[in-house]
Each structure stands twice: as structure tokens, then as C-alpha cells.
Student: 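One structure, as C-alpha cells, below. Some questions next.
Below, each value reflects all heavy atoms present in this structure, side chains not excepted, and no hydrogens, waters or symmetry copies.
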Amino acid sequence: MALIRKRRLTEQQQRRIEKQHKTRQEEIDTSQDLDGLVVQHYGRQLEVQALSVPEHHPEKPQVAEGEPEPFWKPIELNSVWRCHTRTNLELLVTGDRVKWQADPNTGLGIITAIHPRTSLLTRPDRYHKVKPVAANISLIVIVFSPLPEPAPTLIDRYLVACADANIPALLVLNKSDLLTENDPILTLLEEYKTLGYEVMICQSKKGDISALSERLDGETVAFVGQSGVGKSSLINVLIPDAEQKTNVISENSALGQHTTTSTRLINFGKNGALIDSPGIREFGLWHLDLEKIRMGFPDIAAYLGSCQFRNCTHTHEKNCGLKQAVEAGEILPRRLDSFLRLIDEIQEAQQKN
């Protein structure tokens with residue numbers, strides 16, 4: 001069987017290809033660029049909110065008397081446009097600040113450039129690839145509630161993701177009307193507060209969330225948490241015209257039903273915005289290295305290196321610094337269990353790769 005060899009390009013051919021590629025990228029006159037904000041993602045298309053308008057507005061075509069009016073969409077401040085992107089741009093996500101151009105004749109636009117990001121929230125998808133979720137976030141709100149029953153390990157995963165993205169986290173206990181006397185979830189909340197995390201309690205339905213509203217004003221916030229904890233309901237109360245879809249907890253499974261299908265940005269207050277991302281019940285962190293996992297547990301990282309053995313697994317060895325810290329009440333047992341579970345996942349993923 002004959003071997004098919006990969007064709008080698010000469011330097012002249014490579015220069016010609018590079019020149020053609022540069023020419024294609026320069027076909028668009030960037031002098032007409034406007035400032036915009038990606039507010040929603042639809043596969044290959046995105047919705048962009050206009051943050052500026054052209055100095056000289058395009059003129060609407062004149063038609064003769066009796067002829068039908070042609071389609072025309074004026075370029076107005078804060079108007080939203082469905083846009084394509086130039087092929088040389090990286091994958092854009094909700095929250096990205098962009099340069100774009102509008103075509104009033106079609107009501108469509110094209111994104112020509114992206115501004116540098118201040119932050120980027122990512123998570124692995126089902127195909128084991130890292131997927132960007134939202135950009136330029138200044139605060140991540142981790143929502144949980146008495147129902148569905150909170151999963152502390154999932155909350156810990158979110159906190160590791162926040163630490164990796166260098167984005168502050170706010171833990172919000174929603175549906176406070178479902179709390180019982182001496183509810184264990186209050187102990188869970190107090191534990192996170194003791195660890196140094198910011199926490200709040202609120203009720204999205206028939207409750208006063210003015211404190212939460214005041215805290216979020218001026219921030220670009222991403223809401224994350226299990227499905228059914230009331231993320232969309234909170235947004236509906238914070239922004240009554242958000243029109244976010246909500247659903248009820250399945251009586252059979254007691255699990256949340258996925259209601260948000262795409263990450264959406266909604267303007268909030270004077271300078272802030274809220275981002276509602278699709279609910280997820282698990283948050284894989286296999287793409288992070290061991291050092292990033294350790295940094296996501298500051299209460300445990302402080303004791304790393306105190307074990308007798310350098311290669312201590314913190315499971316069965318004597319004189320383990322972490323286990324001694326647990327016995328002394330300086331590390332929560334469940335936090336160590338969560339930490340070790342994530343370490344096992346990372347090591348297992350590395351072995352597969």
C-alpha cells in the first residue's frame with residue numbers, strides 16, 4: 001500500500017497563504033466599529049448590546065410612493081443585535097466586551113474584535129474539553145437551598161473554580177422559608193462563614209432581598225448552583241422584567257429541572273449585570289492541576305507540608321499533618337474528604353491521559 005505523504009509547502013507558498021489570510025481579515029473596515037457587550041450566546045451567533053452609536057448614522061433608504069417599506073433597524077444605544085463573528089476570533093462568551101459593526105438593512109451585525117478580559121469562568125464539558133462560560137465577572141454567587149438538599153462537595157467545587165479564576169465568591173442560602181429549627185444547613189452556612197467566605201440568607205419568593213440587591217449593584221455577577229435552588233427566581237425578583245423561566249422541583253426525584261438553556265446577561269442597577277448560567281449538578285475540575293486544587297482549599301493548604309512523609313496520601317499514614325489538624329478541630333472532616341476526592345479525580349484523569 002502506498003504511503004500518502006503530507007505535502008510540504010515552500011516558503012513562497014506559505015508567504016502567499018499568509019498574505020491571503022491577512023487580506024481577508026482586512027476586508028472589513030474597522031473604522032466603523034462600535035463598542036458592544038455580548039449578552040447571550042446562540043451557537044454560532046451571539047446577541048450584542050450596543051454600547052455606542054456611530055458618529056454618522058446610516059440613512060434609511062428612500063422608496064417611491066406605493067412601494068413597500070424595506071426592512072430597517074436603527075442603531076440605537078442599548079439595542080440588541082444578532083451577530084456573527086470573524087473567523088479569526090477566539091470563542092466568545094456572555095460578558096465579553098467587543099468591537100462590532102451593524103447592518104441596518106438586515107438587522108444583523110458582525111463582531112470584529114474582542115477586548116482583553118478581566119476574568120474568565122470555565123468548566124469541563126461532557127466531552128472532557130474546557131468550555132468557557134462567562135467573561136469579565138467580578139463576583140460569583142453560589143446559590144443553594146434546603147430543597148433540593150445541598151451538596152457540600154459541589155459547593156466546594158464551585159469555590160475551587162472561583163479560586164482558580166481569581167473571582168470572589170458569595171454564598172447565598174435561598175428559600176429561607178423552608179428552613180426548620182436547628183436546620184443542619186445553617187451549620188453548613190456558618191462553617192463557610194468561619195472559613196472566611198461571604199455568606200447571605202434570603203428568600204426569593206415573598207421575601208425581602210434588598211440586602212442582596214444592594215450587595216450586587218455595580219458588580220458583574222454569575223449565578224451558579226444546583227438546578228432548582230432558585231437562581232432564576234432570585235433574578236426575577238432582583239429584576240422584575242428579566243422574564244427568566246422558572247420551574248418547580250420534581251416531586252418524584254426532588255431534583256431541580258433544568259430551565260435556563262443558555263447563559264444570559266441582564267443589566268442590573270446603574271453599572272452592574274447579572275449572568276444566569278445553565279444549572280449543573282456536577283462541576284468537574286479534572287482540567288486543573290494538583291496545585292490549583294490545593295489553593296482552592298486555603299484551610300487545608302495551610303497544613304500541607306506538615307506530614308511526616310513527603311508523599312503522604314493523607315488517608316492511612318501515621319503523623320499525617322492534615323489528619324492531626326482534623327483531630328484538633330482545625331480542619332473540617334468533610335472538607336478533607338472533599339479535598340481528597342478531588343485529588344483522586346485529578347490523578348485518575350492524569351493517568352488516563
Side-chain angles (χ1 to χ4, degrees), residues 33-43 45-54 73-83 85 92-102 104 107-111 113-121 132-143 162 165 167-170 172 174 200 202 204-205 207-225 230-246 259-279:
D33 281 355
L34 304 173
D35 289 318
L37 174 67
V38 177
V39 295
Q40 197 153 2
H41 199 291
Y42 294 99
Q45 293 186 335
L46 305 98
E47 284 192 348
V48 173
Q49 179 183 10
L51 300 182
S52 66
V53 295
K73 181 176 180 178
I75 306 174
E76 299 174 339
L77 196 63
N78 296 323
S79 59
V80 177
W81 295 65
R82 186 67 65 93
C83 295
T85 64
L92 299 177
V93 294
T94 302
D96 271 325
R97 296 269 178 164
V98 297
K99 291 289 187 179
W100 71 291
Q101 296 180 13
L108 300 175
I110 182 169
I111 299 173
I114 176 175
H115 289 290
R117 294 163 170 162
T118 58
S119 65
L120 180 65
L121 179 64
V133 178
N136 300 318
I137 298 168
S138 61
L139 181 69
I140 294 179
V141 177
I142 303 172
V143 185
C162 292
I167 302 174
L170 168 64
V172 172
N174 192 24
M200 295 188 72
C202 64
S204 58
K205 295 183 178 180
D208 182 10
I209 62 170
S210 58
L212 178 62
S213 177
E214 182 178 349
R215 171 65 183 87
L216 301 185
D217 192 22
E219 304 274 8
T220 299
V221 185
F223 278 73
V224 297
K231 300 187 300 295
S232 295
S233 296
L234 277 173
I235 292 178
N236 284 338
V237 179
L238 289 166
I239 314 173
D241 59 352
E243 298 180 356
Q244 292 293 87
K245 295 182 179 180
T246 58
T259 58
T260 305
T261 57
S262 64
T263 302
R264 179 186 180 195
L265 184 146
I266 309 163
N267 292 324
F268 174 76
K270 294 181 179 179
N271 301 304
L274 302 178
I275 294 179
D276 190 21
S277 64

Student: Take Asn136 and Leu37 through the side-chain contact (heavy atoms from CB on, under 4.5 Å) test and state the conclusion after the steps.
Tutor: CA-CA 11 Å; Asn136 300 318; Leu37 174 67; 5.9 Å; no

Student: Assess the residue pair Val48 and Val80 against the criterion (side-chain contact (heavy atoms from CB on, under 4.5 Å)); give the C-alpha distance rounded to whole Å, side-chain angles, the decisive distance to 0.1 Å, and a yes or no.
Tutor: CA-CA 5 Å; Val48 173; Val80 177; over 6 Å; no

Student: Please report the interatomic distance CZ(Arg82) to NZ(Lys73), rounded to the nearest 0.5 Å.
Tutor: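 Rounded to the nearest 0.5 Å, the CZ-NZ separation comes out at 9.5 Å.
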
Student: For a quick test of reading the model, state the closest non-hydrogen atom pair linking Leu34 to Val53 and the distance between them.
Tutor: CD2-C, 3.6 Å

Student: Do the non-hydrogen side-chain atoms of Cys83 and Leu108 ever get within less than 4.5 Å of each other?
Tutor: no

Student: Any heavy-atom pair between the side chains of Leu170 and Leu216 that's under 4.5 Å?
Tutor: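 Yes, at least one pair of side-chain atoms sits under 4.5 Å.
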
Student: Can you tell me if Ser79 uses its side chain to pair, donor with acceptor, with the backbone of Glu76 under 3.5 Å?
Tutor: yes

Student: Hey, is Asp96 close enough to Arg117 for a salt bridge, meaning N to O under 4.0 Å?
Tutor: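 Salt bridge flag = yes for Arg117 with Asp96.
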
Student: Keeping Lys231 on the side-chain end and Val224 on the backbone end, is there a donor-acceptor pair under 3.5 Å?
Tutor: no

Student: Does some side-chain heavy atom of Lys99 sit less than 4.5 Å from a side-chain heavy atom of His115?
Tutor: yes

Student: Output, in order, the C-alpha distance, side-chain angles, deciding distance and verdict of side-chain contact (heavy atoms from CB on, under 4.5 Å) for Ile114 and Arg97.
Tutor: CA-CA 6 Å; Ile114 176 175; Arg97 296 269 178 164; over 6 Å; no

Student: Mind checking the CD1-CD1 spacing from Ile235 to Ile266? Nearest 0.5 Å is all I need.
Tutor: 5.0 Å

Student: What is the minimum heavy-atom distance between Ser52 and Leu77, and which atoms define it?
Tutor: N-CD1, 3.7 Å

Student: Return the CG to CG distance between Asn267 and Leu274, rounded to the nearest 0.5 Å.
Tutor: 9.0 Å

Student: Just verifying a value: how many Å separate Ser138 OG and Ile167 CD1, rounded to the nearest 0.5 Å?
Tutor: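 Between atom OG of Ser138 and atom CD1 of Ile167 there are 8.5 Å.
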
Student: Do you know which two heavy atoms are closest between Cys202 and Val172, and how far apart they sit?
Tutor: SG-CG1, 3.4 Å

Student: Before giving the answer on side-chain contact (heavy atoms from CB on, under 4.5 Å), spell out for Leu234 and Phe223 the whole-Å C-alpha distance, their side-chain angles and the decisive distance to 0.1 Å.
Tutor: CA-CA 10 Å; Leu234 277 173; Phe223 278 73; 4.1 Å; yes

Student: Can you tell if the side chain of Ile140 reaches within under 4.5 Å of the side chain of Leu121, non-hydrogen atoms only?
Tutor: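 Side chain of Ile140 against side chain of Leu121, heavy atoms only: contact under 4.5 Å found.
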
Student: Using modelled atom types and a 3.5 Å cut-off, is there a donor and acceptor pairing between side-chain atoms of Ser119 and backbone atoms of Ile137?
Tutor: yes

Student: Taking Leu46 as the fixed residue, which of Leu92, Val98, Val39 is the one that meets the side chain to side chain contact (heavy atoms under 4.5 Å, CB included) rule?
Tutor: Leu92

Student: What heavy-atom pair brings Ile75 and Pro54 nearest, and what distance separates the two atoms?
Tutor: CG2-CD, 3.6 Å

Student: Where do Ile275 and Ala134 come nearest, in terms of heavy atoms and distance?
Tutor: CD1-CB, 4.0 Å

Student: Any sub-3.5 Å donor-acceptor pair from Ser213's side-chain atoms to Leu238's backbone N or O?
Tutor: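 Not at all, since once roles are kept as given, no pair shorter than 3.5 Å links the two residues.
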
Student: Heavy atoms only: give me the nearest Trp100-Ala50 pair and the separation to one decimal.
Tutor: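 Looks like CZ2-CB, 3.7 Å.
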
Student: Check whether any side-chain N or O of Asp35 sits under 3.5 Å from a backbone N or O of Leu51 as a donor-acceptor pair, and report yes or no.
Tutor: no

Student: I need the Ile209 CD1 to Met200 CE distance, nearest 0.5 Å.
Tutor: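 Those atoms lie 9.5 Å apart.
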
